[in-house]
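To start, the structure itself, in structure tokens.
Read the numbers this way: they start at 1 and go in the same order the structure lists the ligands and their atoms. All figures in this text were calculated on a predicted structure; none of them were measured in a lab.
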Amino acid sequence: MTEYHSLQWTGDSLVLLDQRLLPHTVKYVDIRSYQELAEAIKTMMVRGAPAIGVAAAYGLALPVANIEFADIDSALAEVRRAAAYLRVSRPTAVNLHWAIERVMTRVENLVFRTVHELENALVDEANAMASEDVQTNRAIGKFGADLVPETATVIHHCNTGALGTVDYGTALGVIRTAHEQGKKVRVFVDETRPRLQGSRLTAWELTQLQIPFTVIVDGAAAYMMKTEGVDLCVVGCDRVAANGDVANKIGTYHLALAAYAHGVPFYVAAPLSTVDLTRLSGEEIEIEERAAKEVNHMGETCVMPETYPVRNPAFDVTPAKFITGLITEKGIIYPPFDDALKRFKESQVHMHGEDNQ
Ligand code: MRU
């Protein structure tokens with residue numbers, strides 16, 4: 001277990017590590033309503049696709065754990081309101097929708113005699129998702145670590161560690177497993193403008209894990225590939241379309257293009273809960289646009305006239321053709337992705353990475 005926790009259920013509240021304050025301040029915040037949780041997701045107190053999914057799952061239990069309901073019907077109605085409210089808190093990461101759907105499907109298919117029974121079912125499902133997330137990440141880490149040479153230089157984008165998940169991490173979990181196996185890994189950490197998930201969060205996690213790293217600005221990645229001998233790039237993702245296109249933090253596409261031009265393998269690590277077969281290609285994935293303030297300010301300092309027009313897409317889509325492989329908890333998927341993604345997602349096969357190469 002990692003010593004810090006992105007989220008923890010206490011029995012009647014969800015404790016979140018406020019990721020907006022890292023790395024300077026480690027502060028945990030007690031969340032007691034789904035409205036507070038939606039705000040925490042929007043403002044990125046909690047972030048990362050798997051973490052917001054599991055947080056939302058617990059969020060559905062918050063009303064029943066904190067409000068006295070006269071009867072089961074009014075409790076259920078409030079849980080349904082919570083689901084609708086949380087569902088729209090961030091649009092790109094499918095895990096949020098997936099998690100809410102999973103909990104609601106369970107709840108809608110059971111009959112409850114008491115509000116307490118409903119609460120137990122909600123918490124049980126969220127607990128199951130939290131522990132599955134950790135197992136999933138460890139499996140991703142194991143499959144992915146096989147791709148990391150004994151001595152390796154890796155570029156990583158955004159934050160995909162224990163902070164972006166319940167624990168351990170996805171792409172950062174790959175790096176972590178390779179390091180735990182005794183491989184000599186050094187990481188170039190993309191700073192990840194504008195929210196600096198790389199320089200603030202990933203660098204902080206790598207410091208705790210004692211994995212050597214160097215922070216670079218996003219625009220330096222191609223130069224590092226050219227001059228430093230980068231062995232691979234590994235990133236996480238927020239949604240994988242049926243054809244293997246991948247939505248991830250803005251700058252991922254750019255990194256994939258640079259990797260392609262330099263012949264550097266480009267891997268995307270993601271749990272199968274991030275695969276969305278209802279989106280046939282990346283063009284069908286909604287990309288979140290965030291406030292101009294994230295671009296025209298550095299912290300509270302305005303760095304350009306506020307009248308300048310700004311665009312702030314928070315994610316981009318990397319076309320499947322630039323992706324070497326998708327590292328999932330069931331193995332590594334190589335192109336062409338569509339059939340294998342379907343098989344993996346539907347859990348019709350239990351296979352390991354090499355089988356579909
Ligand atoms: O805006 P964020 O910080 O939530 O974006 C996070 C990412 O893009 C991650 O790469 C992704 O969610 C995977 S986290 C394991």
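The aromatic rings of Y4 and W204 sit tilted relative to each other, their planes meeting at an angle between 30° and 60°. Ring geometry, Y253 versus F322: the interplanar angle falls from 30° to 60°, so the pair is classed tilted.
Residue K249 places at least one N or O, backbone or side chain, under 3.5 Å from an N or O of ligand 1. The shortest N or O to N or O distance between G164 and ligand 1 is not below 3.5 Å. By the 3.5 Å distance cut-off applied to N or O atoms, R47 is counted among the residues near ligand 1.
Taking CD1 of I250 as the reference point, atom SG of C158 lies at 11.0 Å (rounded to 0.5 Å). The distance from atom CG of D276 to atom CH2 of W98, rounded to the nearest 0.5 Å, is 12.5 Å.
Near N159, meaning under 4.0 Å from any of its heavy atoms, are these atoms of ligand 1: 9 (C), 14 (S). Those atoms of ligand 1 that come under 4.0 Å of a heavy atom in F315, given as number and element, are 1 (O), 5 (O), 8 (O). Within ligand 1, the atoms closer than 4.0 Å to a non-hydrogen atom of Q197 are 1 (O), 2 (P), 3 (O), numbered from 1 in the order shown. Close contacts of ligand 1 with G48, meaning ligand atoms under 4.0 Å from a residue heavy atom, involve 4 (O), 12 (O), 14 (S). Listed by number with element, the atoms of ligand 1 under 4.0 Å from a non-hydrogen atom of N248 are 7 (C), 8 (O), 9 (C), 10 (O), 11 (C). Residue T170 has at least one heavy-atom neighbour below 4.0 Å for each of these atoms of ligand 1: 15 (C). Every atom of ligand 1 with a heavy atom of T160 under 4.0 Å away is listed here by number and element: 10 (O), 14 (S), 15 (C).
One hydrophobic cluster holds both Y267 and V189 under the rule that ILVMFWY side chains link at heavy-atom gaps under 4.5 Å.
Under a 3.5 Å cut-off, the side chain of S89 and the backbone N or O of A38 do not form any donor-acceptor pair. Of the possible polar contacts, one joining the E205 side chain to the L163 backbone as a donor-acceptor pair under 3.5 Å is found.
The heavy atom nearest to atom 8 (O) of ligand 1, considering only I140, L201, D238, V246, is found in D238.
Heavy atoms of R90 found under 4.0 angstrom from ligand 1 belong exclusively to the side chain. Counting heavy atoms closer than 4.0 Å to ligand 1, residue H157 contributes nothing at all. Residue contacts with ligand 1 for T165 involve side-chain atoms from C-beta outward but no N, CA, C or O (heavy atoms, distance under 4.0 Å). Heavy atoms of C237 found under 4.0 angstrom from ligand 1 belong exclusively to the backbone. At a heavy-atom distance under 4.0 Å, atoms from both the backbone and the side chain of A49 approach ligand 1.
At least one heavy atom of C158 sits closer than 4.0 Å to an atom of ligand 1.
A donor and an acceptor atom, one from each side chain of T202 and N159, are located under 3.5 Å apart. For the residue pair D190 and T192, no side-chain donor N or O sits within less than 3.5 Å of a side-chain acceptor on the partner.
Checked options T153, T214, T151; the residue passing with R186 is T153 (criterion: side chain to side chain donor-acceptor pair (under 3.5 Å)).
For NZ of K321, the number of neighbouring non-hydrogen atoms (other residues, nucleotides, ligands) closer than 6.0 Å is 12 at most.
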